[in-house]
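Structure first, then comments.
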Amino acid sequence: MTRMISHLPGAREQGFRHWVAALGISAALVLGQAGPVRADEDQIIRSHGYSYFGNLDYPADYTHLNYANPDAPKGGELSLAASGTFDSLNPYSRKGRPGALTTLQYDRLMDSTDDSVGQYYGVLAESLEYDADRNWVIFHLRPQATFWDGTPVTAEDVVYSHRLFIEQGLPSYAQAVGRMVTGAEALDTHTVKFTFNPELTARSRIETVGATPVFSKAWFEADPSRRLDEPRLEVAVGSGPYKLESYDINRRIVYKRRDDYWGKDLPFNKGRHNYDTIRVEYFADQTAAFEGFKAGEYTLRIESDPKLWATGYDFPKLKEGYVVKDAIANGSPPTPSGFVFNLARPQFADKNVRKALALAFNFEWANESLLFGLNSARDSFIEGTPLEAMDTPQGPELAFLQALGDVVPPELFSEPVTTVHESNPARLNDRRNLRKASKLLDEAGWPVGDGNLRRNAQGQTLRVNIPYPSNLPTSTATMIETFVQNLQALGVDASAEKVDPAQYTLRSRERDYDMVYSTRYGAFLSTGGGLSQMYGSKEAEFSLFNPAGLASPLVDAIIEASFATNNQTDQDAALMALDRALRYEFFIIPDGYIAEYWTAYYNMYEYPDQLPPYALGYLDLWWINPEKEAALKAEGALR
């Protein structure tokens with residue numbers, strides 16, 4: 001319904017692109033045009049960038065990204081808000097709650113663009129080469145790349161960083177990449193080679209190793225206590241555009257743009273990283289954060305609460321033109337958010353039980369009563385895109401599913417794709433849907449028993465506990481509480497539990513919940529290893545990106561088959577089938593979505609005329625107009 005995130009809306013502000021793998025539509029093009037060059041005699045492809053199908057929108061001699069303003073002025077401060085607490089400055093720890101935006105400090109070999117899906121261009125790496133089967137890749141590092149302590153970024157640093165993530169990274173990532181990568185070696189100071197397991201899919205190999213953040217090996221080895229998996233308030237040396245300047249635990253974090261940033265003149269970075277400083281102010285909750293914005297304690301806000309968006313922006317600074325309220329189109333498919341069942345709980349083993357409980361969620365009432373009618377209902381995991389599954393399978397999707405054999409249940413062919421139920425917006429407890437739910441629960445062996453609670457044959461209640469963090473937007477928290485009210489009306493032993501953000505983070509990691517409102521799952525417009533981490537069985541028991549613990553042979557078969565597609569039509573058919581299968585498995589009660597970024601900012605920020613479709617870009621594409629900033633200060637509207 002609203003977009004709930006751990007720190008900041010769009011904290012890395014990469015849109016949804018970090019969830020997707022390679023995507024393309026054409027074969028390699030000739031050198032000097034858009035794509036890589038293939039050496040036919042040895043089947044080695046050499047290029048300035050990478051995409052699985054070989055298409056690259058930007059040629060080797062591109063001067064800047066199309067959506068960046070290369071003439072954007074540098075200077076000023078971006079100030080943002082975060083709610084809750086932090087106890088670590090290590091964003092990759094398995095424990096603790098990391099501070100916001102700590103990843104700004106680290107470069108990668110390659111990074112993706114916000115105007116395409118699955119295209120990657122060199123940052124630390126000036127070029128790469130790989131065999132046609134993608135059994136290995138060699139990256140050639142830029143000799144001028146340096147860490148902020150002045151030491152060069154070397155191939156040894158890349159290898160060391162890769163091994164850190166394998167040995168100490170999040171288990172879901174470490175196990176998947178550990179199976180994929182069979183070797184990492186520094187061929188010389190500026191050349192690194194990765195080799196891959198030929199028995200696994202070629203998808204996601206090159207972009208996965210290319211997108212790994214690079215740390216200073218010397219910094220880690222200088223103190224054996226420094227680990228990737230432990231929280232710490234000491235920042236690992238990086239090579240990125242910003243460096244931590246100061247912090248005050250649970251109050252603020254300040255990053256300063258590096259004047260000596262080695263990559264500031266790269267075409268990939270021209271017109272980006274425009275602020276001198278980025279400051280994050282911490283508040284106890286969303287209410288305090290909004291009051292802080294009105295007072296000018298920070299100057300740019302991405303609104304996530306429909307009630308505030310509809311009714312809260314009438315304060316004097318906005319009326320006087322000092323603050324701008326700006327709705328900006330969002331081209332990314334919406335996050336597949338909603339109420340996620342913990343499928344490890346035995347009471348949710350029966351899909352009809354899950355469907356019955358879903359009928360107690362009245363989206364239409366919540367949208368009208370809590371969200372001012374600003375949200376749209378969501379059925380699909382890739383809502384509003386050409387890949388969204390419709391009706392019954394047809395054409396290429398039908399052929400794809402038929403080729404999978406008996407793993408596909410017959411009803412997937414004959415029954416229309418699963419869609420959300422409709423409810424009466426006039427009253428919270430839609431009696432018609434609650435009657436349907438009651439019948440389903442009776443049939444599933446959960447009749448109403450002692451204490452007017454639904455119990456199984458063993459006398460156990462149908463328990464549904466939903467924890468949520470105290471810094472959640474009020475409208476989302478109320479949506480959770482009212483959903484629980486309807487569950488209780490059904491005789492379900494339901495409860496909502498408001499907990500502090502740190503405790504919520506711990507419970508999320510340990511999957512200590514019956515149900516949770518989650519935005520962890522990602523949309524997809526391409527195939528790759530990220531799909532397995534979110535929706536696959538191998539890491540289902542512990543993956544942070546699979547809060548339901550979904551482990552479905554049907555979904556696994558579709559994901560595996562999608563890896564083998566070798567053209568756009570077949571890949572699209574596979575992803576459409578995946579959308580259909582995920583909806584069939586019914587592990588999320590979908591909520592709604594907003595098709596815009598809701599932004600409010602003090603009238604000194606500007607952004608390119610044409611923002612990219614897959615990101616808002618306020619962290620790295622926007623800039624401050626110094627004349628407007630001076631005028632705000634002269635009139636006392638800005639501190």
Side-chain angles (χ1 to χ4, degrees), residues 1 333-341 343 348-364 367 375-425 430 432-441 443-444 521 523-525 527 531 534-535 548 550 552-559 561-562 565 569-593 595:
M1 181 121 0
T335 299
S337 58
F339 293 94
V340 175
F341 295 94
L343 297 179
F348 301 143
D350 187 338
K351 189 193 300 185
N352 282 333
V353 171
R354 305 199 296 271
K355 288 185 174 181
L357 298 179
L359 286 166
F361 176 53
N362 188 332
F363 165 76
E364 286 75 13
N367 191 34
N375 284 46
S376 300
R378 183 185 63 78
D379 290 303
S380 170
F381 284 76
I382 38 180
E383 186 77 26
T385 73
L387 304 184
E388 180 182 345
M390 299 288 185
D391 197 34
T392 56
Q394 305 291 329
E397 185 200 3
L398 175 61
F400 175 87
L401 287 169
Q402 288 173 333
L404 296 179
D406 293 341
V407 73
V408 182
E411 60 265 32
L412 213 67
F413 294 105
S414 59
E415 297 179 3
V417 66
T418 301
T419 56
V420 297
H421 62 277
E422 293 185 4
S423 300
N424 181 0
D430 184 313
R432 178 176 56 89
N433 283 337
L434 292 182
R435 284 195 296 269
K436 290 181 182 178
S438 182
K439 182 179 179 182
L440 283 172
L441 291 175
E443 293 173 349
Y521 289 108
F524 46 86
L525 293 179
T527 188
L531 291 179
M534 285 187 289
Y535 301 113
L550 174 69
S552 161
L554 169 63
V555 171
D556 289 343
I558 292 174
I559 291 175
S562 76
T565 58
T569 298
D570 289 348
Q571 179 178 264
D572 289 352
L575 297 177
M576 188 176 293
L578 178 60
D579 180 44
R580 186 180 302 275
L582 293 173
R583 292 156 70 175
Y584 169 80
E585 294 292 354
F586 206 88
F587 56 98
I588 295 180
I589 305 171
D591 67 345
Y593 70 97

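Computed from a predicted model, the values in this text were never measured in an experiment.
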For Ala557, side chain to side chain contact (heavy atoms under 4.5 Å, CB included) partners two or more places apart: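 Ala557 satisfies side chain to side chain contact (heavy atoms under 4.5 Å, CB included) with Val407 once adjacent residues are dropped.
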
By side chain to side chain contact (heavy atoms under 4.5 Å, CB included) - contacts of Ala360 (at least two apart):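 Partners of Ala360 by the side chain to side chain contact (heavy atoms under 4.5 Å, CB included) criterion, ordered by chain and then number, come out as Leu434, Phe483, Asn486, Leu487, Leu490.
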
Steps toward side-chain contact (heavy atoms from CB on, under 4.5 Å) verdict (Leu550, Glu585): CA-CA 9 Å; Leu550 174 69; Glu585 294 292 354; 4.2 Å; yes

Residue pairs passing the salt bridge (charged side-chain N to carboxylate O under 4.0 Å, His left out) test where at least one lies in residues 377-391, sequence neighbours excluded: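 Passing the test, one end in residues 377-391: no pairs.
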
Any pair counted as salt bridge (charged side-chain N to carboxylate O under 4.0 Å, His left out), so long as it reaches residues 400-423, sequence neighbours left out: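 Checked against salt bridge (charged side-chain N to carboxylate O under 4.0 Å, His left out) - neighbours excluded - no pair reaches residues 400-423.
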
Which residues share a salt bridge (Lys or Arg N to Asp or Glu O under 4.0 Å) with Arg583, sequence neighbours left out: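 Salt bridge (Lys or Arg N to Asp or Glu O under 4.0 Å) list for Arg583, sorted by chain: Asp579.
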
Partners meeting salt bridge (Lys or Arg N to Asp or Glu O under 4.0 Å) with Glu364 (sequence neighbours left out):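 So Glu364 forms no salt bridge (Lys or Arg N to Asp or Glu O under 4.0 Å) with any residue.
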
Phe587: partners by ring pair (Phe, Tyr, Trp, His ring centres under 6.0 Å), with sequence neighbours left out: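 Applying ring pair (Phe, Tyr, Trp, His ring centres under 6.0 Å) to Phe587 gives Phe381, Tyr521.
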
Residues which pass ring pair (Phe, Tyr, Trp, His ring centres under 6.0 Å) with Phe348, listed by chain and number, not counting sequence neighbours: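 Phe348 satisfies ring pair (Phe, Tyr, Trp, His ring centres under 6.0 Å) with Phe341 once adjacent residues are dropped.
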
Listed partners of [X] passing side chain to side chain donor-acceptor pair (under 3.5 Å), at least two apart:
| X | answer |
| --- | --- |
| Asp570 | Asn567 |
| Ser438 | Arg454 |
| Thr419 | none |
| Thr418 | none |

Output the distance between atom [atom1] ([X]) and atom [atom2] ([Y]), rounded to the nearest 0.5 Å.
| X | Y | atom1 | atom2 | value |
| --- | --- | --- | --- | --- |
| Ser423 | Phe361 | OG | CZ | 8.5 Å |
| Ser380 | Met390 | OG | CE | 7.5 Å |
| Leu401 | Ile558 | CG | CD1 | 5.5 Å |
| Asp572 | Phe400 | CG | CZ | 11.5 Å |
| Asn433 | Asn424 | CG | CG | 9.0 Å |

I want to check something: taking the side chain as every heavy atom from C-beta on, are [X] and [Y] in contact at a cut-off of under 4.5 Å?
| X | Y | result |
| --- | --- | --- |
| Leu554 | Leu412 | yes |
| Leu441 | Val353 | yes |
| Leu398 | Phe413 | yes |

side-chain contact (heavy atoms from CB on, under 4.5 Å) between Tyr584 and Lys351, intermediate numbers included: CA-CA 10 Å; Tyr584 169 80; Lys351 189 193 300 185; 3.5 Å; yes

Minimal non-hydrogen separation, [X] against [Y], with atom names:
| X | Y | result |
| --- | --- | --- |
| Ile588 | Gly338 | CG2-CA, 4.0 Å |
| Ser562 | Thr527 | OG-OG1, 2.6 Å |
| Ala523 | Pro334 | CB-O, 3.9 Å |
| Val555 | Ala581 | CG2-CB, 4.2 Å |
| Val420 | Pro590 | CG1-CG, 3.6 Å |
| Asp350 | Ala444 | OD2-CB, 3.6 Å |

Candidates Ile559, Leu387, Leu582 - the one meeting side chain to side chain contact (heavy atoms under 4.5 Å, CB included) with Phe524: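 Exactly one option meets the side chain to side chain contact (heavy atoms under 4.5 Å, CB included) with Phe524, and it is Leu582.
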
Worked check of side-chain contact (heavy atoms from CB on, under 4.5 Å) between Arg580 and Glu397: CA-CA 10 Å; Arg580 186 180 302 275; Glu397 185 200 3; 2.6 Å; yes

Residue pair Glu443, Lys439: steps toward the side-chain contact (heavy atoms from CB on, under 4.5 Å) verdict: CA-CA 6 Å; Glu443 293 173 349; Lys439 182 179 179 182; 3.2 Å; yes

